[in-house]
Amino acid sequence: MEFDFAMRIKKLPPYLFAEIDRLKAEQTKKRVNVIDLGVGDPDTPTPSNIVEALKKAAEKKENHRYPSYMGMLKFREAAAKWYKDRFGVELDPVNEVITLIGSKEGIAHLPWAFINPGDISLVPDPAYPVYAVATKFAGGDVYKMPLKEKNGFLPDFASIPEDIAKKARILFLNYPNNPTTAEATENFYKEAIDFAKKYEILLVSDAPYTEIYYDPGKRPISLMQIKGAKDVAIEFHSLSKTYNMTGWRIGFAVGNKSAVQGLGKIKTNVDSGVFQAIQEAGIEALSGDQSGAEKNREIYRERREAFIEGLESIGLDYVKSNSTFYLWIKLPEGYSSIEFSRKILEEAGVVVTPGVGFGEYGEGYFRVSLTQSTALLKEAIDRLKNLRF
Ligand SMILES: *Cc1c(COP(=O)(O)O)cnc(C)c1O
């Protein structure tokens, strides 16, 4: 028997990467090594102090039982302390912090708590696809906010029609941004808070890349640092990118008490929290030795410099940025992002992500992820040099 899918998944947009995946499989058959610069998943291991903490915690029998729904208080205290040390933000670990099974889980569940059918989420374009899909799953509608280079890849709130703003319940932001690599300014965050207050919108900041920066003198800011943020905002933070923990599934959200509560209510009815041993390892990640995170930044810095030098020698232009492990690169004249991605996969065995995969305003660009060794990144450049664009 073959079961008919529910409308909510039937209505999902066609999987844009299916064609790339098919071509990749074809090339893999022919070539020894396809260089995959497509996925944003750290290639280096989780720092050993964190792995050791998990091993110890896994032995404790009290960790083998159901965890608490909101997360271990000790983990939430560690998250609050991390926010205080890193951003100078005071958080009440009991009411203003919640543990998540990775930040994606929290982002995907949030609209279920705050979107009624017909309500609107304001979603950037290009963007991480979860914001729009989760809104639609909850029965809401999506209004796209274009991210344009001339605006520093920040949405222009003034261009959002009044009737849309009035129906909006959630506004998603993501800085440092995937895929454009842009950062938010303090002024922009102030504007976002004012806009959210005016229209009574829950402001959502997805911030997994605040610790992936290049100039230590210009570390990315948190929305929570801005005055009034807690009145209207929740911020998602992840251990995945900072500590190479994508497979562990742990993150957290902080901020507005009712936003945290609403998310907690959904989660109580859906999941049963994060394995406590992983939360104990998370405490070690957030409050233990930070040299692993620093090492990561050095690794990405070296890779990024090597790749940028290559791009410049080829004559490809990219967005200058101080954060994330991506490069947002402009297409050469005469190609769509899909055509270009297909060409370099077929002719050079290099996988990149076509910009349009993140939304229509991503057209004109492609994304490279620096989660491969410097040697492979250099080889990718050498292969691209041999192509005619
Ligand atoms: C990686 C990523 C996340 C999710 O990370 P988790 O592993 O679920 O914590 C969320 N948002 C963006 C923009 C990302 O790139």
Side-chain angles (χ1 to χ4, degrees), residues 17 37-46 50 71 75 79 82 97-111 121 123-135 145 147 153-155 170-184 203-213 220 222-223 233-255 263 267 270-271 273-275 278-279 281-282 285-286 293 296 300 319 321 323-328 352-353 355 357-359 361-362 365 367-371:
F17 302 119
L37 308 181
V39 282
D41 186 356
D43 57 311
T44 50
T46 307
I50 301 170
F75 177 82
W82 186 85
V97 184
I98 181 170
T99 308
L100 300 169
I101 312 170
S103 56
K104 181 180 188 178
E105 177 265 306
I107 295 162
H109 280 139
L110 189 78
S121 284
V123 175
D125 180 341
Y128 188 59
V130 183
Y131 316 135
V133 171
T135 297
M145 303 180 292
L147 304 185
F153 298 104
L154 303 168
I170 295 181
L171 194 170
F172 286 99
L173 296 175
N174 162 225
Y175 295 100
N177 184 257
N178 172 12
T180 70
T181 74
E183 273 182 41
L203 187 54
V204 178
S205 161
D206 179 20
Y209 296 102
T210 59
E211 305 317 297
I212 312 293
Y213 53 79
S222 158
L223 173 64
I234 186 169
E235 184 159 84
F236 287 88
H237 197 79
S238 172
L239 280 64
S240 292
K241 312 292 166 45
T242 310
Y243 305 107
N244 306 334
M245 290 175 77
T246 48
W248 296 55
R249 310 316 301 136
I250 182 159
F252 59 92
V254 306
L263 178 55
K267 284 174 57 57
V270 176
D271 65 66
V274 173
F275 182 28
I278 292 181
Q279 296 190 62
L286 292 170
N296 262 351
Y300 293 132
V319 174
S321 146
S323 45
T324 79
F325 49 54
Y326 304 110
L327 286 166
W328 190 234
V352 299
T353 310
F358 300 99
Y361 291 92
Y365 298 86
R367 191 193 74 176
V368 157
S369 176
L370 300 168
T371 50

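Both backbone and side-chain heavy atoms feed into the values below; hydrogens, waters and symmetry mates do not. Atoms within each ligand, like the ligands themselves, are counted from 1 in listed order.
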- Item | Tyr365 vs Phe358 side-chain heavy atoms within contact, under 4.5 Å | no
- Message: Is the shortest side-chain heavy-atom distance between Tyr300 and Pro42 below 4.5 Å?
- Response: yes
- Task: Kindly write out the residues that satisfy side-chain contact (heavy atoms from CB on, under 4.5 Å) with Ser238, not counting sequence neighbours, or none if the list is empty.
- Result: Ser103, Pro208, Ser240
- Item | side-chain contact (heavy atoms from CB on, under 4.5 Å) partners for Ala79, two or more places apart | Val97, Phe252, Leu286
Which protein N or O atoms sit under 3.5 Å from any N or O of ligand 1? Give atom names and distances.
{"from": "ligand 1", "atom 1": "5 (O)", "to": "Ser103", "atom 2": "OG", "distance (Å)": "3.4"}
{"from": "ligand 1", "atom 1": "7 (O)", "to": "Ser240", "atom 2": "OG", "distance (Å)": "2.6"}
{"from": "ligand 1", "atom 1": "7 (O)", "to": "Arg249", "atom 2": "NH1", "distance (Å)": "2.8"}
{"from": "ligand 1", "atom 1": "8 (O)", "to": "Ser103", "atom 2": "N", "distance (Å)": "3.2"}
{"from": "ligand 1", "atom 1": "8 (O)", "to": "Lys104", "atom 2": "N", "distance (Å)": "2.8"}
{"from": "ligand 1", "atom 1": "8 (O)", "to": "Arg249", "atom 2": "NH2", "distance (Å)": "2.8"}
{"from": "ligand 1", "atom 1": "9 (O)", "to": "Ser103", "atom 2": "N", "distance (Å)": "2.8"}
{"from": "ligand 1", "atom 1": "9 (O)", "to": "Ser103", "atom 2": "OG", "distance (Å)": "2.9"}
{"from": "ligand 1", "atom 1": "9 (O)", "to": "Ser238", "atom 2": "OG", "distance (Å)": "2.7"}
{"from": "ligand 1", "atom 1": "9 (O)", "to": "Ser240", "atom 2": "OG", "distance (Å)": "3.4"}
{"from": "ligand 1", "atom 1": "11 (N)", "to": "Asp206", "atom 2": "OD1", "distance (Å)": "3.4"}
{"from": "ligand 1", "atom 1": "11 (N)", "to": "Asp206", "atom 2": "OD2", "distance (Å)": "2.6"}
{"from": "ligand 1", "atom 1": "15 (O)", "to": "Asn178", "atom 2": "ND2", "distance (Å)": "3.0"}
{"from": "ligand 1", "atom 1": "15 (O)", "to": "Tyr209", "atom 2": "OH", "distance (Å)": "2.6"}
{"from": "ligand 1", "atom 1": "15 (O)", "to": "Lys241", "atom 2": "NZ", "distance (Å)": "3.2"}

- Query: Which heavy atom of Thr46 sits nearest a heavy atom of Asn244, and at what distance?
  - Reply: OG1-O, 2.7 Å
- Note on the structure: For Thr210, the side-chain hydrogen bond (donor to acceptor under 3.5 Å, both in side chains) test, sequence neighbours excluded, returns none
